[in-house]
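Along the sequence shown, the residues carry numbers beginning at 1. Order of appearance sets the numbers: ligands from 1, and atoms from 1 within every ligand.
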Amino acid sequence: MTTINNFNFDGKKALIRVDFNVPLDENFNVTDATRIESAKPTILKILEDGGSCVLMSHLGRPNGVSPEFSLQHIVESVSEIIGVQVKFMNDCVGDEVEKSVEELQAGEILLLENLRFYKEEKNGDVAFAEQLSKLGDIYVNDAFGTAHRAHASTTIIAQFFTDKKCFGLLLAKEIESIDKVLNNSEKPVLAILGGAKVSSKITVIENILDKVDHLILGGGMTFTFVKAQGGNVGDSICEDDKMELALEILKQAKAKNVTVHIPVDVIAADDFSNTANTKILDVTQIPDGWQGLDAGPKSIAIFDEVVNKCKTILWNGPLGVFEMESFANGTIALGHSIDNATKNGAFSLVGGGDSVAAVKQFGFADKVSYVSTGGGAMLEMLEGKTLPGIEAINN
Ligand code: AMP
């Protein structure tokens with residue numbers, strides 16, 4: 001794997017695709033700077049070598065040029081986090097931008113305007129990618145969050161850099177961490193898949209069955225499995241059209257010697273509300289009018305035991321509706337179990353949208369081995385797909 005550590009950037013201009021698609025409040029202040037902080041090591045190494053950085057990113061989903069999606073809003077945050085006053089260009093291609101890049105001195109950083117102000121970015125337009133490619137000597141991709149997209153700045157651009165292209169430190173770490181779980185794992189290997197629906201995780205489950213010894217299935221998808229096996233799930237979220245598939249997955253797991261653990265009890269509620277009446281019920285005996293919204297105490301204890309006997313742990317998706325305090329306990333307990341297993345030497349990787357939000361919210365982010373920065377990208381890697389942004393550097 002070629003990373004920035006394979007290059008000396010002295011006197012060079014690095015054109016870095018970063019993922020600065022950060023959340024902003026109504027006054028355009030950055031409310032979560034994790035993605036900027038994650039890019040810092042790559043930027044600093046290049047500056048320390050004696051190089052300069054041209055940063056390109058998207059922000060949100062603009063329809064053409066729209067000021068509310070300008071990357072100008074984040075200039076001060078980036079400057080503060082990196083510790084260098086960042087220059088800004090109100091476009092990302094063209095003569096003016098090329099001139100600014102030309103004038104950029106060693107140690108300086110130039111942030112370009114939102115790539116998605118041009119529809120050519122998402123379309124993977126070759127001419128647009130070629131224009132971008134004029135803005136640096138070495139292309140660095142450090143944007144895991146968009147590595148599954150064949151966009152101009154994430155994939156197409158790489159063809160203009162032949163051997164002058166590499167991964168940034170963040171993207172390299174993401175690739176290494178997932179590889180550590182899927183291909184170079186210490187056994188026993190455990191995957192915990194939660195979240196709302198089976199349908200969004202099917203391909204992940206199928207691919208992962210070849211890689212793991214234990215599989216914990218929790219969250220809303222529990223009930224499709226339970227109902228398929230004849231249980232009563234009441235008003236719990238359930239995909240009836242996926243019941244056959246659920247049985248097929250269980251069959252495949254058995255054939256592949258994977259032990260599947262599904263919650264045995266739940267915190268059931270009489271309404272999808274934080275203030276609903278609740279009771280602990282056997283997962284197969286939920287009456288109509290009640291729905292399972294979190295894992296129950298017996299399940300938590302069983303999961304704790306499984307987690308603590310495994311040496312490699314992958315966690316994607318919460319065990320309950322953690323956004324409501326009344327149904328966050330299962331997800332928090334699982335976080336504690338993984339924290340404990342990690343302290344005892346297990347490698348733990350958390351990734352995929354909502355579980356990242358959960359580990360951050362409950363303070364586990366620095367207690368697990370690695371928290372992935374890419375939701376969709378991570379899921380696609382877990383599905384066994386080759387991501388275009390990664391392939392473009394490797395080829
Ligand atoms: P996903 O994006 O598929 O990982 O799903 C995450 C969402 O699943 C979160 O917003 C949770 O609130 C939701 N979720 C987890 N458990 C349940 C459940 N038992 N019933 C309904 N939604 C759930």
>> Need the ligand 1 atom indices (1-based, order shown) with element for anything under 4.0 Å from a heavy-atom of F223.
In response: 19 (N)

> Among all protein non-hydrogen atoms, which one is nearest to atom 15 (C) of ligand 1, and what is the separation to 0.1 Å?
Replying inline: G320 O, 3.2 Å

> What are the atoms of ligand 1, with element, lying closer than 4.0 Å to any heavy atom of I237?
Replying inline: 20 (N), 21 (C)

> Identify the closest protein heavy atom to atom 8 (O) of ligand 1: which residue and atom is it, and at what distance?
Replying inline: A196 N, 3.1 Å

>> Would you say Q105 and S52 are linked by a side-chain donor-acceptor pair, where the criterion is simply a distance under 3.5 Å?
In response: no

> At under 4.0 Å between heavy atoms, which part of F327 makes contact with ligand 1: side chain, backbone, both or neither?
Replying inline: neither

>> Using the side chain to side chain contact (heavy atoms under 4.5 Å, CB included) definition, which of the options F9, F161, F167 pairs with V140?
In response: F9

> So, T34 versus K360: side-chain donor-acceptor pair below 3.5 Å or not?
Replying inline: yes

> Starting from atom 11 (C) of ligand 1, which protein heavy atom do you reach first, and at what distance in Å?
Replying inline: E323 OE1, 3.6 Å

> Among the heavy atoms of M324, does any lie under 4.0 Å from an atom of ligand 1?
Replying inline: no

> Nearest protein heavy atom to atom 4 (O) of ligand 1, by residue and atom, and its distance?
Replying inline: K201 NZ, 3.2 Å

>> Looking only at protein heavy atoms, which one is nearest to atom 17 (C) of ligand 1, and what is the separation?
In response: G220 N, 3.4 Å

> Aromatic rings F322 and F362: how do their planes relate, parallel, tilted or perpendicular, breaks at 30° and 60°?
Replying inline: perpendicular

> Which ligand 1 atoms does L293 reach within 4.0 Å, using its non-hydrogen atoms?
Replying inline: 19 (N), 20 (N)

> Judged by modelled atom types alone, do R149 and T154 share a side-chain donor-acceptor pair under 3.5 Å?
Replying inline: no

> Would you say the side-chain atoms of S355 pair up with the backbone N or O of G351, donor to acceptor, closer than 3.5 Å?
Replying inline: yes

> So, N329 versus D294: side-chain donor-acceptor pair below 3.5 Å or not?
Replying inline: no

> Does the salt bridge (Lys or Arg N to Asp or Glu O under 4.0 Å) test come out yes or no for K99 and E103, once each step is laid out?
Replying inline: CA-CA 6 Å; K99 195 160 157 269; E103 288 165 2; 3.8 Å; yes

> Which protein heavy atom lies closest to atom 2 (O) of ligand 1, and at what distance to 0.1 Å?
Replying inline: D354 OD2, 3.2 Å

> Aromatic rings H73 and F28: how do their planes relate, parallel, tilted or perpendicular, breaks at 30° and 60°?
Replying inline: parallel

> With atoms numbered from 1 as shown, which atoms in ligand 1 lie under 4.0 angstrom from a non-hydrogen atom of G292?
Replying inline: 18 (C), 19 (N), 20 (N)

> Considering only protein heavy atoms, which is closest to atom 22 (N) of ligand 1, and at what distance to one decimal place?
Replying inline: V321 CG2, 3.6 Å

